[in-house]
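All remarks here apply to the structure that follows.
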Protein chains: 2
Amino acid sequence: MNTILYKDQYRHLLAIDCIIFGYSNEELKLLLFHREIMPAQGQWSLVGGFVNENESVEDAANRVLEGITGLKNIYMEQVSVFSKTNRDPGGHVVSVVFNALIDIEKHNPDLVRDHGAHWWPISKLPNLIFDHGEMVKQALGKLRNKAGFNLIVGELLPKEFTITQLRRLYNNIFQREFDPGNFRKKILSLGILERLNKKDLSDSKKGAYYYKIKEGVSMVLNERIVKE
Amino acid sequence: MNTILYKDQYRHLLAIDCIIFGYSNEELKLLLFHREIMPAQGQWSLVGGFVNENESVEDAANRVLEGITGLKNIYMEQVSVFSKTNRDPGGHVVSVVFNALIDIEKHNPDLVRDHGAHWWPISKLPNLIFDHGEMVKQALGKLRNKAGFNLIVGELLPKEFTITQLRRLYNNIFQREFDPGNFRKKILSLGILERLNKKDLSDSKKGAYYYKIKEGVSMVLNERIVKE
DNA sequence: TCAAAAGTGTTTTTTATACACCCATGC
DNA sequence: GCATGGGTGTATAAAAAACACTTTTGA
């Protein structure tokens, strides 16, 4: 069996685009790229690239993500496929969109700068080329949906974080204020966080305990964490 | 601007595979295809096909779905992309998977038969080729997730249906028994069903009112219908 | 008249929300 | 000693689940 079987089939240009989420200074941010190639040269776009021969779309996304952040094994999730024939004026390119969550403290800012990329707060995004605006919209919906059932957004925080830091992240993602007491109870009731013997003293005089996600615990909960 | 810009890029074989859900005799079923081409000739597979030039993946899915069911405008939703380089021994084919929900009463059984396709109850599926088993698993998860928040599975029933018929469909999808009284209250509280002046007398002496989905009502609810 | 599904009502349990209040401590 | 976020407890409201009971009518 070999590819000769499929030899008469049309072959498509296949690309990936990444919605790279980061969180710093209490703001949810996206890493956007200042496009230096035609078409749409000089405008802002998502970080993306073509899928090479002998690569899966996940391989391609990992390659592109490592290239721009310096990080391997970034948490990633498919959002959806964009394939309208006229979506890219440079030709029919089919793009698979990924959400990527990174700990913004860990990435390589020099790499980002050298690529002409820039972190933009989610609330003040520039106009994006092609259908990238719609991609971001879907990606945010997917992120909210995920965060509602899953602590995976902890990927956006350092390994050790306080409940208050986590709550502020949730406030940011859902654009509403969660009640501090209720949020804490709900999160701790999931039983997947482990309290450490360390306190963060930057936010209050009393200090807040750091927590981390328990080893070997499943992040797939069947319980709702927060409602939209 | 033209495709010359991207001319050095590798081009991929792009396909779609459809998980075609139908519901009859109180069983959830999938339409599977008896594969008559190499590789894996003679085995069962999902219904699929290559994406042609100047087609979006949705176009391709619609084309394939119409070809085998005779129906247009089938409800469809992306599941995810499968692109491991070794997933198809006949060559590297990237496949976009779609869930499709059809009213099994409306499809063209002759077309299905002529294509060598067959309806299989979800509980007794044959072994599927390649990664199609994993595709079905993801598709079912997606269907459950959707059905938990959305009445879209009404697509699997005739336009007019009783609450009991809808409940039995939900029982089938979630593989559990919903309480008749509570299910009825919950569904009706959504306010998206309209009672008709007709009764179905096939299931009981008393007869059950038919309902239909109200015109122009949004199917996108922010409320949970059932829990898994 | 009775079995069986349709449909309604009531009770209990669980979960979400609102909010009061004590704690610890640097200033 | 007081302002501030950390953390706990409690009261209320809303939603889910369990289940009793009434209705209808063909066999």
Side-chain angles (χ1 to χ4, degrees), chain A residues 25-26 144 147-151 157 160-212 221-228, chain B residues 25-26 144 147-151 157 160-212 221-228:
Chain A
N25 295 119
E26 301 191 14
R144 289 209 179 101
F149 288 94
N150 205 295
L151 264 194
L157 296 172
E160 306 182 347
F161 51 85
T162 67
I163 304 289
T164 302
Q165 285 165 3
L166 184 63
R167 175 169 53 82
R168 290 201 181 122
L169 171 57
Y170 267 84
N171 288 346
N172 223 289
I173 291 174
F174 288 92
Q175 289 294 299
R176 69 187 195 83
E177 291 283 317
F178 291 98
D179 178 277
N182 294 338
F183 184 85
R184 156 179 262 92
K185 263 179 293 184
K186 181 73 199 186
I187 294 293
L188 293 179
S189 78
L190 301 173
I192 66 177
L193 292 187
E194 178 182 339
R195 198 175 81 176
L196 305 176
N197 257 328
K198 284 202 284 183
K199 282 194 165 191
D200 165 49
L201 298 166
S202 64
D203 269 343
S204 75
K205 323 293 161 76
K206 183 179 176 183
Y209 282 107
Y210 280 110
Y211 288 78
K212 66 167 188 173
L221 308 169
N222 198 10
E223 195 178 346
R224 191 146 201 167
I225 301 177
V226 299
K227 268 205 269 194
E228 303 207 18
Chain B
N25 295 118
E26 301 191 16
R144 289 209 180 102
F149 287 95
N150 202 297
L151 264 195
L157 297 171
E160 306 181 348
F161 52 84
T162 67
I163 304 289
T164 301
Q165 285 165 3
L166 184 63
R167 176 170 52 82
R168 291 203 180 120
L169 171 56
Y170 267 85
N171 287 346
N172 223 287
I173 292 174
F174 287 92
Q175 289 294 299
R176 69 188 195 84
E177 291 284 317
F178 291 98
D179 178 276
N182 294 337
F183 184 84
R184 167 184 308 278
K185 263 178 293 186
K186 181 72 199 186
I187 293 293
L188 293 179
S189 78
L190 301 172
I192 67 177
L193 292 188
E194 178 182 339
R195 197 175 82 176
L196 306 176
N197 256 328
K198 284 202 287 183
K199 282 194 165 189
D200 165 50
L201 297 166
S202 65
D203 269 344
S204 75
K205 323 293 161 75
K206 184 179 177 183
Y209 281 107
Y210 279 110
Y211 288 78
K212 64 168 190 173
L221 309 168
N222 198 12
E223 194 179 345
R224 192 146 200 167
I225 301 177
V226 299
K227 266 206 268 194
E228 305 208 16

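Computed from a predicted model, the values in this text were never measured in an experiment. First the proteins, then the strands, lettered A, B, ... as listed; each starts at 1. In what follows, every heavy atom counts, from backbone to side chain, and hydrogens, waters and symmetry copies are set aside.
Applying the ring-ring contact (aromatic ring centres under 6.0 Å, His included) rule to F183(A) yields the partners Y170(A), F178(A); only residues at least two apart in sequence or on another chain are considered. When the side-chain contact (heavy atoms from CB on, under 4.5 Å) test is applied to T162(B), the partners found at least two apart in sequence or on another chain are T164(B), Q165(B), D200(B), A208(B), Y210(B). Take R167(B) and apply the salt bridge (charged side-chain N to carboxylate O under 4.0 Å, His left out) test, not counting sequence neighbours, and it matches no residue. Y211(A) pairs by the ring-ring contact (aromatic ring centres under 6.0 Å, His included) definition with nothing, not counting sequence neighbours. Partners of K212(B) by side-chain hydrogen bond (donor to acceptor under 3.5 Å, both in side chains), not counting sequence neighbours, listed by chain and number: E215(B). Taking K227(A) as the reference, nothing meets the salt bridge (charged side-chain N to carboxylate O under 4.0 Å, His left out) condition, with sequence neighbours excluded. Legend: residues meeting salt bridge (charged side-chain N to carboxylate O under 4.0 Å, His left out) with K198(A), ordered by chain and number and at least two apart, are E160(A).
A heavy-atom distance below 4.5 Å is found between the side chains of F161(B) and L193(B).
Extent of DNA chain C lying under 4.0 Å from chain B heavy atoms, first and last nucleotide in 5' to 3' order, is dA5(C) to dT10(C).
Applying the salt bridge (Lys or Arg N to Asp or Glu O under 4.0 Å) test to pairs two or more places apart or on separate chains, those with a residue in residues 170-193 of chain B are K186(B)-E223(B).
Summarising the geometry, atom CD1 belonging to I192(B) is positioned 4.0 Å from atom CG belonging to L151(B); distances are rounded to the nearest 0.5 Å. If you take CD1 on I163(B) and CG on L188(B), they are separated by 4.5 Å, rounding to the nearest 0.5 Å.
Of the residues in residues 164-172 of chain A, none lies under 4.0 Å from DNA chain C by heavy-atom distance.
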Where protein sits on nucleotides 18-27 of chain D, one letter per nucleotide: B base, S sugar-phosphate only, - none, heavy atoms under 4.0 Å: BB---BBBS-

Strictly under 3.5 Å: I want the nitrogen or oxygen pairs between protein and nucleotides 13-16 of chain D, one per line.
| unit_1 | atom_1 | unit_2 | atom_2 | d |
| --- | --- | --- | --- | --- |
| dA16(D) | OP2 | K186(B) | NZ | 2.9 |

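A donor-acceptor pair under 3.5 Å links the side-chain atoms of R144(B) to the main chain of I173(B), judged by distance alone.
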